[in-house]
2 protein chains.
Amino acid sequence: MALTYREYPEPGEEATLTGLRERKKQRTRDALVVAAHELFVTQGYETTTVDQIAEAVDVSQRTFFRYFANKEEVALFVQDMVERFYYEAVCARPAGEAPLECLRNTLDDIWDDVGAAVEEITPIDLHLKMCQVIEMTPALLAARLRHSLLLEEKLVQEMARRTGVDADKDPRPRVLVAAFTGVTLTASRQWSMRNDASLAMAREVTRDYLAQLGPALCADWTRQS
Amino acid sequence: MALTYREYPEPGEEATLTGLRERKKQRTRDALVVAAHELFVTQGYETTTVDQIAEAVDVSQRTFFRYFANKEEVALFVQDMVERFYYEAVCARPAGEAPLECLRNTLDDIWDDVGAAVEEITPIDLHLKMCQVIEMTPALLAARLRHSLLLEEKLVQEMARRTGVDADKDPRPRVLVAAFTGVTLTASRQWSMRNDASLAMAREVTRDYLAQLGPALCADWTRQS
DNA sequence: AGGATAATGACAGCGACTGACAATTGACAA
DNA sequence: TTGTCAATTGTCAGTCGCTGTCATTATCCT
């Protein structure tokens with residue numbers, strides 16, 4: 001069970017589109033993603049078989065499994081792309097920012113670019129509906145949380161690097177990132193369960209939730225925040 | 001895919017040990033748990049088949065699936081028991097405490113009782129090794145995170161109830177619980193990866209991590225905390 | 001003791017996934 | 001252009017997780 005996606009920009013390896021072969025592979029993979037998402041959204045994840053997905057793109061089931069290690073992977077493909085996107089945006093931040101600011105500001109900044117990146121693979125509407133399917137489907141939700149944990153570890157390393165602390169001695173990088181991603185996940189979960197979900201809405205909800213991090217830890221909730 | 005365990009104390013339904021039938025079922029179930037955990041610990045989760053577990057307890061594979069909805073469930077059985085244990089301890093707390101204090105103090109208080117509760121089913125050593133297997137095995141880690149999310153939602157409701165706020169309007173209960181469980185999960189993860197893991201150690205690591213919640217959110221990490 | 005009820009075993013079947021091998025297709029040099 | 005090599009794909013067989021069904025066995029209750 002690969003934890004990273006094969007076929008995708010390894011660090012240092014450009015996504016070379018040269019050659020008919022490469023282009024054909026990209027097209028097949030994207031077609032599989034879109035076809036799978038459409039099936040998942042219309043008839044549900046569990047009730048969709050891999051054979052159906054393969055048939056929709058007219059490849060063999062075996063070929064499907066050469067592109068995606070398992071059925072979950074094709075379902076989480078776009079979300080994972082967004083996560084990689086976020087991580088790289090964090091790494092590209094100026095050095096001056098405080099850790100929490102860095103994580104939060106990055107999130108606030110990338111939404112438009114995320115939308116563009118998603119559109120290159122699948123219609124945004126489909127992606128939004130797919131987000132709901134992920135939240136609704138236990139197996140997908142579980143896989144999503146595990147993927148988030150992988151991102152978390154990478155963010156921990158980056159925060160430690162930025163601040164010059166040792167993540168193995170000082171718990172603060174882990175604590176910060178854990179709290180941050182915990183709140184972010186909850187926000188995205190609450191967001192996707194709304195029926196008026198949109199990218200703009202995601203930005204707002206996430207911002208609101210993160211703004212409550214300080215007040216929520218406070219002892220006294222009697223005053224309205 | 002059941003999200004709760006069948007056969008187990010539903011609210012209001014006592015775990016009646018009356019009757020030979022009930023006792024026999026409990027024994028079979030516990031035997032399955034112990035046999036499964038021993039196999040998982042010695043030869044790994046993925047490489048252990050359900051047939052092997054069933055054979056070790058001398059029941060049919062079909063019977064195994066009458067006790068556990070899937071292979072994951074038997075692996076997470078004890079951890080889930082601990083989570084239920086924690087939740088009920090939270091609900092039994094005095095009303096005066098502030099939300100974060102309540103969650104933290106409960107955690108600090110229950111470790112001994114948790115140990116006793118675990119011992120009733122499986123040797124603690126086995127459970128500790130099983131915790132490591134869970135962290136190491138992608139499928140189990142994913143399932144564990146999803147189960148934690150279920151607990152999270154229950155804790156949100158309880159925190160909202162205690163403080164008299166509406167969890168659908170006020171984001172603070174969700175934000176607090178998300179940050180708290182995020183940090184707690186990270187702590188338990190770091191703990192279980194140590195090779196000197198013990199229950200006492202778990203208490204310490206978790207306490208340390210939670211104590212860093214405030215400082216970690218702080219802008220300035222230049223001073224050693 | 002005996003009938004109702006619950007637990008189990010045996011079996012057949014589906015879907016996810018994998019290894020192996022043969023067939024096809026694009027890349028590249030002669 | 002053509003022939004060779006390597007990458008991609010399809011086919012097939014097989015394992016494992018999991019489920020429905022039905023006959024069999026074991027407990028419960030009067």
Side-chain angles (χ1 to χ4, degrees), chain A residues 1-3 5-8 13 15-32 35-36 39-40 43-76 137-140 142-143, chain B residues 1-3 5-8 13 16-32 35-36 39-40 43-77 137-140 142-143:
Chain A
M1 175 119 4
L3 296 187
Y5 295 125
R6 305 155 298 180
E7 321 286 351
Y8 237 84
E13 168 200 342
T16 51
L17 298 183
T18 79
L20 195 157
R21 216 173 234 170
E22 298 301 324
R23 259 177 291 136
K24 209 169 181 179
K25 266 169 60 179
Q26 292 243 5
R27 255 187 289 127
T28 310
R29 196 204 52 209
D30 291 355
L32 282 170
L39 285 165
F40 294 159
Q43 39 171 298
Y45 174 77
E46 310 278 9
T47 56
T48 301
T49 73
V50 173
D51 283 318
Q52 285 176 48
I53 303 168
E55 194 182 4
V57 184
D58 203 56
V59 296
S60 71
Q61 192 215 46
R62 195 64 183 87
T63 294
F64 173 92
F65 284 112
R66 289 199 177 95
Y67 281 89
F68 304 98
N70 46 55
K71 205 170 86 165
E72 289 163 16
E73 200 170 284
V74 70
L76 295 176
T137 309
L140 290 182
Chain B
M1 173 121 4
L3 297 185
Y5 296 123
R6 305 155 299 179
E7 321 286 352
Y8 238 85
E13 166 200 342
T16 52
L17 298 183
T18 80
L20 195 157
R21 215 175 236 168
E22 299 301 324
R23 261 176 290 136
K24 210 168 180 181
K25 268 169 60 178
Q26 292 243 4
R27 256 188 289 129
T28 307
R29 195 204 53 211
D30 291 355
L32 282 170
L39 285 166
F40 293 159
Q43 39 171 294
Y45 174 78
E46 308 279 8
T47 56
T48 301
T49 72
V50 173
D51 282 319
Q52 287 177 46
I53 303 169
E55 194 181 2
V57 184
D58 203 56
V59 296
S60 71
Q61 192 215 47
R62 193 65 182 86
T63 294
F64 173 93
F65 283 112
R66 288 200 178 95
Y67 281 89
F68 304 97
N70 46 55
K71 205 169 85 164
E72 289 162 16
E73 200 171 284
V74 69
L76 295 176
F77 185 80
T137 310
L140 290 181

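The phosphate of D/dT8 (OP1 or OP2) has no side-chain N or O of A/K24 nearer than 4.0 angstrom. A sub-4.0 Å separation between OP1 or OP2 of D/dT8 and a side-chain N or O of A/K25 is present. In this model, the phosphate group of D/dT9 is approached by a side-chain N or O of A/Y67 to a distance below 4.0 Å at OP1 or OP2.
Rounded to an integer number of Å, the gap from CD of A/Q52 to P of C/dC14 is 15 Å. D/dC16 atom C1' lies 15 Å from atom CG of A/N70, rounded to whole Å. Regarding A/K71, its NZ atom lies at a distance of 13 Å from the P atom of D/dC18, rounded to whole Å. Taking atom CD of residue A/E46 and atom P of nucleotide C/dG15, one finds them 13 Å apart after rounding to whole Å. Between A/F65 atom CZ and C/dC17 atom P there is a gap of 4 Å when expressed in whole angstrom units. Taking atom CD on A/E22 and atom P on D/dA6, their separation rounds to 17 Å, with Å as the unit. Going from atom CD of A/E72 over to atom C1' of C/dA16 covers 11 Å, rounded to whole Å. Distance, B/R29 CZ to C/dA7 C1': 15 Å, rounded to whole Å.
The side chain of B/R66 lies closest to C/dA10, out of C/dA10, C/dC17, D/dT8. Of the candidates D/dA7, D/dT9, C/dC17, D/dT9 carries the atom nearest the A/T28 side chain, counting heavy atoms from C-beta on. For B/R21, counting side-chain heavy atoms from C-beta on, the closest listed nucleotide (D/dA7, D/dG17, C/dA6) is C/dA6.
Taking all atoms of both residues into account, the shortest heavy-atom contact from A/K71 to A/T48 is NZ-O, 2.8 Å. When every heavy atom of B/A35 is checked against every heavy atom of B/V57, the shortest pair comes out as CB-CG2, 3.7 Å. Minimum interatomic distance between B/N70 and B/F65 (heavy atoms only, all atoms of both residues): CA-CE2, 4.0 Å. Heavy-atom minimum distance, A/A143 versus B/A142: N-CB, 4.2 Å.
Annotation: the span from A/R66 atom CZ to A/Q61 atom CD amounts to 11.0 Å, rounded to 0.5 Å.
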Subject >> Worked verdict on A/F40 versus A/I53 for side-chain contact (heavy atoms from CB on, under 4.5 Å) >> reply: CA-CA 10 Å; A/F40 294 159; A/I53 303 168; 3.8 Å; yes

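At a cut-off of 3.5 angstrom, counting only N and O atoms as typed in the model, there is no donor on one side facing an acceptor on the other between the side-chain of B/R23 and the base of D/dT27.
Across all strands shown, A/T47 has no heavy atoms under 4.0 Å from either base or sugar-phosphate atoms.
Put simply, the side chain of A/E22 does not reach to within 4.5 Å of the side chain of A/Q26, judged on heavy atoms. Counting heavy atoms from C-beta outward, B/Y45 and B/E72 have side chains that approach closer than 4.5 Å. By the 4.5 Å heavy-atom criterion applied to side chains, B/V74 and B/Y67 are not counted as neighbours.
Of the residues in residues 53-63 of chain B, B/Q61, B/R62 come within less than 4.0 Å of DNA chain D through at least one heavy atom, sorted by number.
Taking a pair as Watson-Crick or G-U wobble with both distances under 3.5 Å, the runs of three or more consecutive pairs in DNA chain C are C:1-30 with D:1-30.
In terms of the side-chain hydrogen bond (donor to acceptor under 3.5 Å, both in side chains) criterion, residue partners of B/T63 (sequence neighbours excluded) are, by chain and number, B/S60.
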